[in-house]
Amino acid sequence: MHPYGIDIITAYKPWRQIDPVHIITEVAEKTLQHMHITHPVEFCVKLTSDNEIQRLNRLYRSKDSPTNVLSFPTHVNIKKLQTTNEVPLILGDIVIAFETVQTEALAQGNKFNDHLSHLVVHGLLHLLGYDHESEPDASAMESLETEILSFFNIKDPYTPHEQ
């Protein structure tokens, strides 16, 4: 049995220009493997527009601007993920905005797919309970993101690079 169920909803046409399903699936599987998640889990990734993510950001975070990624964790206890119960645990939802990903990738001199990969890792770590509210938490989360992205030969997104 494959331990990961990933629903990917493409709610905005420009996402269809790339192969987001392949990228998201591969990156999510590697992230969960790296985090030693062997229990069956499920989560959803919605690929949308700046307009929709701005609405969600305003509604749930009181920030009236678009953002690159939002995560809506179900706050599953990670320790429960190692139980022998085979019922999949629902981790939550990740929402990613096309225009912001595209704009940030260009501004940072990154490939679109590399930046998307980073945001999938980032969003999934949030679903697993990681955050960046304090400096130690941010440093730990950034280190994990960099480790996972290195499996795909994607440069450290937190280190300035020459363009």
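Values in this document were obtained by computation on a predicted structure and should not be read as measured data.
Closest approach of Gln54 to Pro66, counting heavy atoms only: OE1-CD, 3.5 Å. Heavy atoms only, all atoms of each residue included: Leu116 and Val101 are closest at N-CG1, 4.2 Å.
Under a hydrophobic-cluster definition in which Ile, Leu, Val, Met, Phe, Trp and Tyr are linked whenever side-chain heavy atoms come within less than 4.5 Å, directly or via other members, Phe152 and Leu144 are assigned to the same cluster. A continuous path of Ile, Leu, Val, Met, Phe, Trp and Tyr side chains, each step under 4.5 Å between heavy atoms, connects Ile6 with Leu47, placing both in one hydrophobic cluster. In terms of hydrophobic clustering, with Ile, Leu, Val, Met, Phe, Trp and Tyr side chains grouped at heavy-atom distances under 4.5 Å, Val21 and Val120 are assigned to a common cluster. Residues Ile9 and Ile23 fall into different hydrophobic clusters, defined by Ile, Leu, Val, Met, Phe, Trp and Tyr side chains chained together at heavy-atom separations under 4.5 Å. In terms of hydrophobic clustering, with Ile, Leu, Val, Met, Phe, Trp and Tyr side chains grouped at heavy-atom distances under 4.5 Å, Leu128 and Val45 are assigned to a common cluster.
Between the side chains of His34 and Glu147, a donor-acceptor pair is found at a separation under 3.5 Å.
Using a 4.5 Å cut-off on side-chain heavy atoms (C-beta onward), Leu124 and Met35 make no contact. Residues Glu145 and Leu125 meet the side-chain proximity criterion, which asks for heavy atoms closer than 4.5 Å. Between His126 and Pro73 there is no side-chain heavy-atom pair separated by less than 4.5 Å. Within the 4.5 Å cutoff, the side chain of Val69 has no heavy atoms near those of the Val95 side chain. Using a 4.5 Å heavy-atom cutoff, the side chains of Asp137 and His132 are not in contact. The shortest side-chain heavy-atom distance between Ile94 and Leu127 falls under the 4.5 Å cut-off. Looking at Ile96 and Asn68, their side chains never come closer than 4.5 Å, going by heavy atoms from C-beta outward. Using a 4.5 Å cut-off on side-chain heavy atoms (C-beta onward), Phe112 and Phe98 make contact.
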- Can Asp114 and Ser117 be said to form a side-chain hydrogen bond (donor to acceptor under 3.5 Å, both in side chains), step by step? CA-CA 5 Å; Asp114 289 355; Ser117 296; 5.3 Å; no
- Item | Verdict with supporting geometry, Glu104 and His115, side-chain hydrogen bond (donor to acceptor under 3.5 Å, both in side chains) | CA-CA 8 Å; Glu104 288 176 350; His115 193 45; 2.7 Å; yes
- Verdict with supporting geometry, Arg61 and Leu70, side-chain contact (heavy atoms from CB on, under 4.5 Å): CA-CA 10 Å; Arg61 298 179 65 228; Leu70 291 174; 3.5 Å; yes
- Residues Thr67, Asn57; criterion side-chain hydrogen bond (donor to acceptor under 3.5 Å, both in side chains); working and verdict: CA-CA 7 Å; Thr67 188; Asn57 207 18; 4.9 Å; no
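Screening residues 12-24 for side chain to side chain donor-acceptor pair (under 3.5 Å), with sequence neighbours left out, gives Tyr12-Glu99, His22-Glu26.
Checked by atom type and distance alone, the side chain of Ser139 never pairs as donor or acceptor with a backbone atom of Glu135 at under 3.5 Å. Using a distance-only test at 3.5 Å, with no hydrogens or angles considered, a donor-acceptor pair links the side chain of Ser71 to the main chain of Gly123. Between the side chain of Thr159 and the backbone N or O of Asp156, no donor-acceptor pair lies under 3.5 Å. At least one donor-acceptor pair under 3.5 Å links the side chain of Thr74 to the backbone N or O of Leu91.
Applying the 6.0 Å contact sphere to OH of Tyr60 captures no more than 12 heavy atoms from other residues, nucleotides or ligands.
With sequence neighbours left out, Lys46 forms a salt bridge (charged side-chain N to carboxylate O under 4.0 Å, His left out) with Glu52.
How far OG1 of Thr48 is from CG of Leu56: 7.5 Å, rounded to the nearest 0.5 Å. For the atom pair Phe151 CZ and Lys30 NZ, the distance stands at 5.5 Å (nearest 0.5 Å). Atom CG of Leu119 is separated from atom NE2 of His122 by 7.5 Å, given to the nearest 0.5 angstrom. Atom CE of residue Met141 and atom OG1 of residue Thr146 lie 11.0 Å apart, to the nearest 0.5 angstrom. In this structure, OG in Ser49 is found 9.5 Å from CZ in Arg55, a value given to the nearest 0.5 Å.
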